[in-house]
Number of protein chains: 2
Amino acid sequence: MSKAPEKSTETPAVRVDSTLSKGLSILETLAGSPKGRGVTELSQILGLSKSNTFRLLRSLSELGYVRMSENKAYSATLKVWQVGQTLMDNIDLPALCAPHMLKLSQEFGEAIYLAVPEGLSVIYIDKLESTQPIRSFTPKGGTAPIHCVGTGKAILAANYEQLRDQLKGNLKRYTDNTITSMQRMDKDMASARANGYAIDTAEYRDGIYSFGAAILMPTGEAIAAIGVSVPEVNLKGNRAEEISLAVGKQAAEASRMLAS
Amino acid sequence: MSKAPEKSTETPAVRVDSTLSKGLSILETLAGSPKGRGVTELSQILGLSKSNTFRLLRSLSELGYVRMSENKAYSATLKVWQVGQTLMDNIDLPALCAPHMLKLSQEFGEAIYLAVPEGLSVIYIDKLESTQPIRSFTPKGGTAPIHCVGTGKAILAANYEQLRDQLKGNLKRYTDNTITSMQRMDKDMASARANGYAIDTAEYRDGIYSFGAAILMPTGEAIAAIGVSVPEVNLKGNRAEEISLAVGKQAAEASRMLAS
DNA sequence: GTTAATTGTGCCAATATACAGTACATGTGT
DNA sequence: ACACATGTACTGTATATTGGCACAATTAAC
């Protein structure tokens, strides 16, 4: 029983440093164990020898990833979380989305935005100018209310559970089309979620439509949105639908990039 | 300053599995590198041989922690983040805080609460009953507005930047003492932050004072708060101050436990 | 356009490293 | 009091990891 009973049938099986692999497994397991786990317990779960497990745990402790509580139970420290956090903080959203935004820009020639949520607003962190003579003018760094622009609504739809409560009573009207009732908003968000994109029918600025789709974490949480802003006069035929679908597709691809 | 090239003179130096250590270093470095890094670059940064670095990167890729972009640059995937996230989700706050809550309970005999933020409210996820004949009655699972109870105010103070905007116009009055102006709230929060605890002077329920202090992540963000709820009649002499300091101390200790 | 310098990647032999097994000490439950 | 299970320490051996070198493919220099 020196080797695995069933030898893997096909894979040329890239050699994976076993210590690293085992150590990470331990970390993963521990991350999912609120009460911590003992050496023996862990060794059984992972199918490792007790001494091996112990050694790995000691190394991880030394490196600060694992701690031993009074009760001799090992549990993961917040260091993994911190690393994950700096990873999140260092995600270069503009770089990640640039190719997808560019594609949209080339396809439609309209202004393309990249927005992140901030409370009940969105902040535009990147923008490609419209090539059309008629321009909309929200500058990079500008903000907009989350409930009435394409990017905002896309984010709102994805994180609706979390945001709905705060939204109540804050549906400020900007144009005749602004959605100001929670009932209508609920329906709008439901369809946005179903479609994978959100539409602002001149709900923020008169005559300006916008289409947005969210960049989603693996958990489903939206961390940003891509949007296309279009003067109403430029929307002939089924242009609106074309743009909506294209935005949805590009955002989905960007999300896939994120998750890898 | 990671490890001295010359053999370390004093430390008995617990043997640390080097592969694991190196692999985690790579992960940490990559997490802080938005654009990704090349093999050679990484090997220089970490002082490893190129082949070693390459092998580790390949292993990490195989394990799903690292990806190689088209441009031959390796970057970390969101897997670390996911692990960190499940870690966060699995933190057993009641267990973590139990000893500290118990200490407070024994010391003062009043009702002790453990609360987590939820939008502009707090939810009480754990509670130790008062031993006094006079009881306050918020049950476990109950909620309270964040701006007028001890636990809530403690959390609010810590996360003020993030929450202040949403708070505007939502400072609902519950008692004569409820703080309803943002100016007063700003000052109150500033002093709460300075003190390390927050005081509710019967701002939610008439005759009920409460004292709260936040459980903080290493980043300074509050994820919960411990609180003591006390009928005004039980506050003689400098009892209020005693309780405040004790709550602050216990919460700080719980935060230290969190961070390890 | 040719050279020169870097890059990522594959290979291999040497040895340092991580491994299993065993032993012991402490603690837990019966 | 016992037996049992747990965390920890030790040690010799074999295996897995390592550094050095070589190669291919880009990229930079000229």
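Letters A, B, ... mirror the listed sequences (proteins, then strands); counts begin at 1. Keep in mind it's a predicted model, so treat the numbers as computed, not measured.
- The separation between A:Leu20 atom CG and D:dA16 atom C1' is 13 Å, rounded to whole Å.
- For A:Lys249, there are no salt bridge (Lys or Arg N to Asp or Glu O under 4.0 Å) partners, not counting sequence neighbours.
- Closest heavy-atom contact between A:Pro218 and A:Ala259: CG-CB, 4.3 Å.
- Stretches of at least 3 consecutive Watson-Crick or G-U wobble pairs, with each checked distance under 3.5 Å, appear in DNA chain D as C:4-29 with D:2-27.
- Judged as a side-chain hydrogen bond (donor to acceptor under 3.5 Å, both in side chains), and not counting sequence neighbours, A:Thr19 has no contacts.
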Heavy atoms under 4.0 Å is the rule here; annotate nucleotides 24-30 of chain C 5' to 3' with B where the base is hit, S where only the sugar-phosphate is, and - elsewhere. -------

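- Judged by distance alone, the side chain of A:Ser210 and the main-chain N or O of A:Val228 form no donor-acceptor pair under 3.5 Å.
- Set against C:dC19, D:dA9, C:dC11, the side chain of B:Ser51 has C:dC11 as its closest nucleotide.
- Comparing A:Ala73 and A:Thr19 against DNA chain D, the residue whose closest nucleotide sits nearer the 5' end is A:Ala73.
- Proximity note for A:Asp17 (side chain, C-beta onward) versus C:dG10, C:dC19, D:dT18: the nearest is D:dT18.
- With sequence neighbours excluded, no residue forms a side-chain hydrogen bond (donor to acceptor under 3.5 Å, both in side chains) with A:Thr151.
- Contact check, A:Lys22 against C:dC19: a side-chain N or O comes under 4.0 Å of OP1 or OP2.
- With sequence neighbours excluded, the residues that form a ring-ring contact (aromatic ring centres under 6.0 Å, His included) with B:Tyr124 are B:Tyr113.
- Listed candidates were C:dT9, C:dG10, D:dT8. Nearest to the side chain of B:Arg58 is C:dG10.
- Note on A:Asn52: every side-chain N or O is 4.0 Å or more away from OP1 and OP2 of C:dA18.
- For B:Tyr65, the side-chain hydrogen bond (donor to acceptor under 3.5 Å, both in side chains) partners two or more places apart in sequence, or in a different chain, are A:Glu28.
- A close approach under 4.0 Å does occur between a side-chain nitrogen or oxygen of B:Ser18 and OP1 or OP2 of C:dA18.
- The interatomic distance linking A:Phe54 (CZ) with D:dG7 (P) rounds to 10 Å, in whole Å.
- With sequence neighbours excluded, the residues satisfying salt bridge (Lys or Arg N to Asp or Glu O under 4.0 Å) with B:Lys140 are B:Asp126.
- Residue pairs meeting the salt bridge (charged side-chain N to carboxylate O under 4.0 Å, His left out) criterion with at least one member in residues 30-40 of chain A, sequence neighbours excluded: A:Lys35-B:Asp92, A:Arg37-A:Glu41.
- With B:Ser105 contributing its side chain and B:Leu128 its backbone, the two residues share no donor-acceptor pair below 3.5 Å.
- Between the CZ atom of B:Arg67 and the P atom of C:dG8 there is a distance of 17 Å, given to the nearest Å.
- Each side chain to side chain donor-acceptor pair (under 3.5 Å) pair with one or both residues in residues 79-88 of chain A, not counting sequence neighbours, would appear here, but there are none.
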Can you give me every donor-acceptor pair (side chain of residues 45-57 of chain A, partner residue at least two apart or in another chain, under 3.5 Å) with its distance?
| unit_1 | atom_1 | unit_2 | atom_2 | d |
| --- | --- | --- | --- | --- |
| A:Ser49 | OG | A:Asn52 | N | 3.1 |
| A:Thr53 | OG1 | A:Ser49 | O | 2.9 |

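- Protein atom CE of B:Met68 is 9 Å distant from nucleotide atom C1' of C:dG8, rounded to whole Å.
- Between the CZ atom of A:Arg55 and the C1' atom of C:dT17 there is a distance of 7 Å, given to the nearest Å.
- With rounding to whole Å, A:Leu46 atom CG is found 13 Å from C:dA20 atom P.
- For D:dT8, the OP1/OP2 oxygens have a side-chain nitrogen or oxygen of A:Tyr74 closer than 4.0 Å.
- Regarding B:Leu60, its CG atom lies at a distance of 17 Å from the C1' atom of C:dG8, rounded to whole Å.
- Scanning residues 28-45 of chain B for heavy-atom distances under 4.0 Å to DNA chain C yields B:Gly38, B:Val39, B:Thr40.
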